[in-house]
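Just so you know, these numbers come straight off a predicted model, no measurement behind them. All heavy atoms count here, side chains included; hydrogens, waters and symmetry mates do not.
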Amino acid sequence: METIASFTVDHMRLLPGIYVSRKDNTGNDVVTTFDIRMTRPNFEPVMNTAEVHTIEHLGATFLRNHEQWGEKIIYFGPMGCRTGFYLILAGDYESEQIVPLLREMYEFISRFDDKVPGADPKECGNYLDMNLPMAKVLAERYLEKVLYGITPDCLKYS
């Protein structure tokens with residue numbers, strides 16, 4: 001079997017950032033998958049499932065309702081390793097182009113102070129596994145450590 005592309009990235013050198021993970025053609029259209037890496041793999045603790053789940057609900061809700069980007073959102077969800085998220089967009093994009101969108105999204109999450117959308121037994125299969133206070137802390141940390149001063153080494157895989 002061939003090794004999939006994401007397993008060829010050196011996770012011992014990967015820093016928190018925003019990376020183009022892959023671009024796929026679907027007929028005449030391009031779909032871009034982004035690696036939104038919130039923690040440094042194999043060096044920092046992974047995020048707990050409750051925080052990841054909360055960020056997923058808030059991030060997906062924010063993105064799908066975004067005036068400019070909403071119709072381009074295909075998917076936003078967690079990585080199995082719990083070090084970040086995948087964002088899949090309809091279109092051909094580079095990491096630099098979505099930095100403002102992600103700043104907006106993580107600011108939204110860091111300031112959110114209401115019932116988490118979809119945190120209800122009729123709307124979610126694990127609605128009790130949420131931690132809004134910690135999700136807000138992680139969002140603020142990602143803003144401060146990565147998004148507000150993002151550098152080129154955190155935008156392209158090395």
| Counterpart residues, side chain to side chain donor-acceptor pair (under 3.5 Å), relative to Thr3 (two or more places apart) | none
| query | Out of curiosity, does Leu143 fall in the hydrophobic cluster containing Val137 (side-chain heavy atoms, cut-off under 4.5 Å, transitive links)? | reply | yes
| Atom CD of Glu140 and atom CZ of Arg111: how far apart are they, to the nearest 0.5 Å? | 8.0 Å
| task | Could you tell me whether the side chain of Asn65 reaches within less than 4.5 Å of the side chain of Phe108, counting heavy atoms only? | result | no
| note | Across all chains, not counting sequence neighbours, the side-chain contact (heavy atoms from CB on, under 4.5 Å) partners of Ala60 are Phe76
| Residue list, ring pair (Phe, Tyr, Trp, His ring centres under 6.0 Å) with Tyr93, at least two apart or on another chain | Trp69
| request: Tell me, with the steps shown, if Ile36 and Tyr106 meet side chain to side chain contact (heavy atoms under 4.5 Å, CB included). | output: CA-CA 11 Å; Ile36 302 169; Tyr106 280 96; 3.7 Å; yes
| query | Does a side-chain heavy-atom distance below 4.5 Å link Phe85 with Val52? | reply | yes
| remark: By side-chain contact (heavy atoms from CB on, under 4.5 Å), Leu155 pairs with (sequence neighbours left out) Ile18, Ser95, Glu96, Val99, Ile150
| Nearest atoms (heavy-atom pairs only) where Val20 meets Tyr157 | O-CE1, 3.4 Å
| request: For residues 15-28, pull every pair meeting side-chain hydrogen bond (donor to acceptor under 3.5 Å, both in side chains), keeping only residues two or more places apart or in separate chains. | output: Arg22-Asp24, Lys23-Asp92, Lys23-Glu94
| Shared ILVMFWY cluster between Ile55 and Met79, side chains joined below 4.5 angstrom? | no
| request: Tell me, please, which residues at least two apart from Thr8 pass side chain to side chain donor-acceptor pair (under 3.5 Å). | output: none
| Would Leu89 and Ile73 count as a side chain to side chain contact (heavy atoms under 4.5 Å, CB included) if you check the C-alpha gap in whole Å, the side-chain angles of each, and the deciding distance to 0.1 Å? | CA-CA 5 Å; Leu89 296 176; Ile73 306 301; 3.3 Å; yes
| message | Checking Pro100 now: which residues fulfil side-chain contact (heavy atoms from CB on, under 4.5 Å) with it, not counting sequence neighbours? | response | none
| Mind checking whether Leu58 and Leu132 have side chains closer than 4.5 Å, heavy atoms only? | yes
| What closest approach, in Å, do Met47 and Gly84 show between heavy atoms, and which atom pair accounts for it? | CE-N, 3.6 Å
| Once you round to the nearest 0.5 Å, how far does CG of Leu102 lie from CD of Gln97? | 12.0 Å
| task | Please examine the side chains of Leu14 and Asp35, heavy atoms only from C-beta on, and report whether any two atoms are closer than 4.5 Å. | result | yes
| What heavy-atom pair brings Thr61 and Pro117 nearest, and what distance separates the two atoms? | OG1-CB, 3.6 Å
| Do the side chain of Arg64 and the main chain of Gly59 share a donor and acceptor less than 3.5 angstrom apart? | no
| field | Cys124 to Gly118 - nearest heavy-atom pair and separation | value | CB-O, 3.1 Å
| note | residues 118-129 vs side-chain hydrogen bond (donor to acceptor under 3.5 Å, both in side chains), sequence neighbours excluded, gives Thr49-Asp129
| Going by the ring pair (Phe, Tyr, Trp, His ring centres under 6.0 Å) test, which pairs reach into residues 23-59, not counting sequence neighbours? | His53-His57
| field | With Asn48 via side chain to side chain donor-acceptor pair (under 3.5 Å) - residues at least two apart | value | Glu51
| message | Give me the atom names and distance for the closest heavy-atom approach of Pro16 to Cys154. | response | O-SG, 3.3 Å
| Side chains of Phe112 and Thr54: does their closest heavy-atom pair fall under 4.5 Å? | no
| query | Does Arg141 have any side chain to side chain donor-acceptor pair (under 3.5 Å) partners at least two apart in sequence or in another chain, and if so, which? | reply | Glu44
| task | Any pair with a residue in residues 70-89 that passes side-chain hydrogen bond (donor to acceptor under 3.5 Å, both in side chains), sequence neighbours left out, goes on the list, sorted by first then second residue, please. | result | Arg37-Thr83
| field | Same apolar cluster (I L V M F W Y, side chains within < 4.5 Å links), Met38/Met130 | value | yes
| Which atom of Ser110 lies closest to which atom of Ala139, heavy atoms considered | N-CB, 3.9 Å
| message | Test side chain to side chain contact (heavy atoms under 4.5 Å, CB included) on Leu101 and His66; report intermediate values, then the result. | response | CA-CA 9 Å; Leu101 172 66; His66 195 275; 3.7 Å; yes
| task | Drop me the distance from Leu15's CG to Thr151's OG1, to the nearest 0.5 angstrom. | result | 7.5 Å
| task | Please round to the nearest 0.5 Å and tell me the distance separating atom CG of Leu63 and atom CD1 of Ile74. | result | 12.5 Å
| Side chains of Glu107 and Tyr148, donor plus acceptor under 3.5 Å | yes
